Structure formats: C-alpha cells, structure tokens
Number of protein chains: 2
Amino acid sequence: MLKFNGNEYPCCASLTMGIIGGKWKTVILFHLMNEKLRYNELRKSMPTVTERTLSLQLKALEEDGLIKRKVYTSKPPLKVEYSLTDFGKTLIPLIQSIADWGDLVVENYS
Amino acid sequence: MLKFNGNEYPCCASLTMGIIGGKWKTVILFHLMNEKLRYNELRKSMPTVTERTLSLQLKALEEDGLIKRKVYTSKPPLKVEYSLTDFGKTLIPLIQSIADWGDLVVENYS
DNA sequence: TTATTTAACTATCATTTTTATAGTTGCAAA
DNA sequence: TTTGCAACTATAAAAATGATAGTTAAATAA
C-alpha cells in the first residue's frame, strides 16, 4: 500500500489516478500547463463542466498541492488566478502525453 | 468538440480521460501491460476494487476496444483471459508514464 | 461420500461523485 | 436603472462506485 496526502493506494498507477483521475482534473491541468488562468477563463475553456464540479476539482487539486490559488482583490468582484505549483509542474510531461494520445486517437481511430 | 465511440469531448485531454479516466481503468491497463491475466488474477492484483466495479470497468474497456476477452471453456468453471488489443497497446507508454509519476511521488513527496 | 472451494461473474442496496439549475454579492457598464 | 460580471455556493437529481451476498458446475479435501 502506497500513501499520499492521507489516502492509500494499491499501486503506483492507482496513486497517480487518485490525484489526477476523475473526469476533469487532467483537463484543468492541461489548461494551466502553459499559463495562469482566472476562474472564468478556465470555465470558458471547459464549456461542459458545471461550476460546482469545477469549483470542487480546483479545491481538490489545491489540497493535493498541484495548483495554487491567488486572490488579488479582497472585495467583489474578486480576481482569482490559478496556476501550477512546482509540484504540479512535475506533471507537465504526463499531461502532454495524455493530450497527445487523445490527438492520436482523433487522427487515427475515429 | 472531438468524438470517439459515441461520446463527445471538449479537448484532447478530456477525450483521453473519458477513455482511461475513472478510478480503476488505468490500474487494469497497468496490470495487463505486460501479460494476459484471468479475471481472478486481476482481482488479486487489485485487492481494493469491488467485483462489481472490476466487472463494469472491464466491460467499458472492452467496449472502447482497449482490451479483449477470450473465453476458453464454455461451462463453469469458466476460464477467461483479458489482454490488450493492438489499440490498447498504443497506451503502453502513457500507462508507464502514469506509473512512473506515481513512483516519483512516493519517492520524493511523501 | 459429503462438504468445501473455485472461477467468473450478477443482484441488490448504500454511499460517493458528478450534473443540472438556480441563487448570492457588490461593482461596472449600458 | 437595469443588466451583466466574477467567483463562487445551495439544493436536488443522476451516475459511478462500493458492500455484501448469491449463482453454476466442476475440482478438490476430509
């Protein structure tokens, strides 16, 4: 059994998927790979996720130390920017490979 | 919008995660990466998944053309072997990267 | 001989995750 | 003056996953 951030996983693949698995986390990381983005910018680049889920997934990624949330104004309308942490940046090659395999499928298997 | 096997995805990363995302699919593929395995062998290598979920995930992977199911005896006790298809084999480098990142986390961040 | 075990599942019900839809708060623009 | 915006939260429903038990016919153990 492997452990990370209070959770247990039966193998290394399962640990990775516990952190970036689910339907949307990888998509969020993909969009943050090359730039910081505000909440609404993320939302516009992911038109089919609901706001509640986006919000929950951002919190989970922050909790696991992959992204950081920076608030610029304390009173509404807030300005909030999300970006990868150094730890999150270790995922960049993997996220890129995930995106590349998706491209390959679109080009060759559909 | 990208399409694969009847589903639509907003980006290439989301397409990949639609196919290998979720809690268990990648773990199954990881165990099938280098060998064919019978149902119970898979189950023993994934001690924390329930049989129902394992069964459903195997069907989903088969449905997406990543694995094939071969039955050797027609009457109980059945002998069934699961293995990667050629299409599934295109995922091997990605699965390996996923496993490697999990190892890296265990070694350096826990 | 009888009982237990095995393999590959399926059934039923409970819990967790994700979705759908609507609402909140102050400021800014029309 | 009304409308819209940014970054969410609230509530309820649907989908995914988990817990537990049951099925079948043969093989094996007592």
Side-chain angles (χ1 to χ4, degrees), chain A residues 1 6-10 13-15 17-28 31-32 36-64 67-83, chain B residues 1 5-10 13-15 17-29 31-32 36-64 67-83:
Chain A
M1 280 293 174
N7 292 97
E8 295 201 332
Y9 304 96
S14 140
L15 186 146
M17 294 314 281
I19 299 175
I20 66 162
K23 209 166 163 180
W24 296 110
K25 285 181 187 171
T26 302
V27 182
I28 294 171
H31 289 298
L32 291 178
K36 301 173 192 288
L37 287 174
R38 298 180 62 177
Y39 178 86
N40 267 338
E41 292 173 325
L42 266 175
R43 195 159 70 88
K44 278 164 198 158
S45 57
M46 301 168 59
T48 54
V49 72
T50 64
E51 297 207 49
R52 174 178 153 80
T53 300
L54 177 55
S55 194
L56 290 173
Q57 299 305 304
L58 285 169
K59 272 178 197 158
L61 290 169
E62 204 189 346
E63 164 71 24
D64 280 337
I67 65 172
K68 58 195 169 216
R69 177 177 184 275
K70 185 163 184 189
V71 184
Y72 286 90
T73 54
S74 58
K75 288 191 179 179
L78 298 181
K79 179 176 175 182
V80 179
E81 258 183 10
Y82 293 92
S83 58
Chain B
M1 280 290 175
N5 209 12
N7 291 98
E8 295 201 330
Y9 304 96
S14 139
L15 186 145
M17 294 314 281
I19 299 175
I20 67 162
K23 208 167 162 180
W24 296 110
K25 285 181 187 170
T26 302
V27 181
I28 294 172
L29 296 170
H31 288 298
L32 292 177
K36 301 172 192 291
L37 287 174
R38 299 180 62 176
Y39 177 86
N40 267 337
E41 293 173 326
L42 267 175
R43 195 160 69 88
K44 280 165 197 157
S45 56
M46 301 167 59
T48 53
V49 72
T50 63
E51 297 208 48
R52 172 181 156 79
T53 300
L54 177 56
S55 193
L56 290 172
Q57 298 306 302
L58 285 168
K59 272 180 197 158
L61 290 169
E62 204 188 346
E63 164 71 24
D64 280 338
I67 65 174
K68 58 194 169 217
R69 177 177 183 275
K70 185 163 183 189
V71 183
Y72 286 91
T73 55
S74 58
K75 288 190 178 178
L78 298 181
K79 179 176 175 182
V80 179
E81 259 183 9
Y82 292 94
S83 59

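Computation of the quantities below employed the complete heavy-atom set of this structure, encompassing side-chain atoms and omitting hydrogens, waters and symmetry-equivalent molecules. The structure presented is a predicted model; accordingly, all values stated were derived computationally and were not measured.
Between the P atom of C:dA8 and the CD1 atom of B:I67 lies a distance of 13 Å, rounded to the nearest Å. Atom C1' of nucleotide C:dT18 and atom NZ of A:K25 are separated by 12 Å, given to the nearest angstrom. Distance CD (B:E81) to C1' (C:dA7): 13 Å, rounded to an integer number of Å. Counting to the nearest Å, the P atom of C:dA7 and the NZ atom of B:K70 are 20 Å from each other. In this entry the distance linking CG of B:N40 with P of C:dA7 reads 5 Å, nearest Å. Remark: C1' of D:dC8 and CD of A:E41 are 16 Å apart, rounded to the nearest angstrom. When the P atom of D:dA6 is taken as reference, atom OH of A:Y82 falls 14 Å away, rounded to whole Å. When rounded to the nearest whole Å, the span between CD of A:E8 and C1' of D:dG18 equals 17 Å.
For the segment residues 51-59 of chain A, residues with any heavy atom less than 4.0 angstrom from an atom of DNA chain D are, sorted by number, A:E51, A:R52, A:S55, A:K59.
Taking 4.0 angstrom as the limit, A:R43 places none of its side-chain polar atoms (N or O) nearer than this to OP1 or OP2 of D:dC5. For the pair B:W24 and D:dG18, the criterion of a side-chain N or O lying under 4.0 Å from OP1 or OP2 is met. The phosphate of C:dT19 (OP1 or OP2) has a side-chain N or O of A:K23 nearer than 4.0 angstrom. Remark: B:R38 is not in phosphate contact with C:dC9, judged by side-chain N or O atoms under 4.0 Å from OP1 or OP2. For D:dA7, the OP1/OP2 oxygens have no side-chain nitrogen or oxygen of A:Y72 closer than 4.0 Å.
Residues B:N40 and B:R38 fail the side-chain proximity criterion, which asks for heavy atoms closer than 4.5 Å.
Closest contact between the side chain of A:R69 and the listed nucleotides D:dA6, D:dC8, C:dA7 involves D:dC8. Residue B:V80 has its side chain nearest to C:dA8 when only C:dA7, D:dA7, C:dA8 are considered.
Contact detail for B:Y9 and B:G18: the closest heavy-atom pair is CE2-CA, 3.7 Å. The two residues A:G21 and B:M17 have their closest heavy-atom pair at CA-CE, 4.1 Å.
Applying the salt bridge (Lys or Arg N to Asp or Glu O under 4.0 Å) test to B:E51 and every residue at least two apart in sequence or in another chain returns B:R43. Remark: B:E41 pairs with no residue by the side-chain hydrogen bond (donor to acceptor under 3.5 Å, both in side chains) rule, at least two apart or across chains.
Proximity of a side-chain donor or acceptor of B:D64 to a complementary backbone N or O of B:N5 within less than 3.5 Å is not detected.
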Take A:W24 and A:T48 through the test side-chain contact (heavy atoms from CB on, under 4.5 Å) and record every step on the way to the result. CA-CA 10 Å; A:W24 296 110; A:T48 54; 3.3 Å; yes
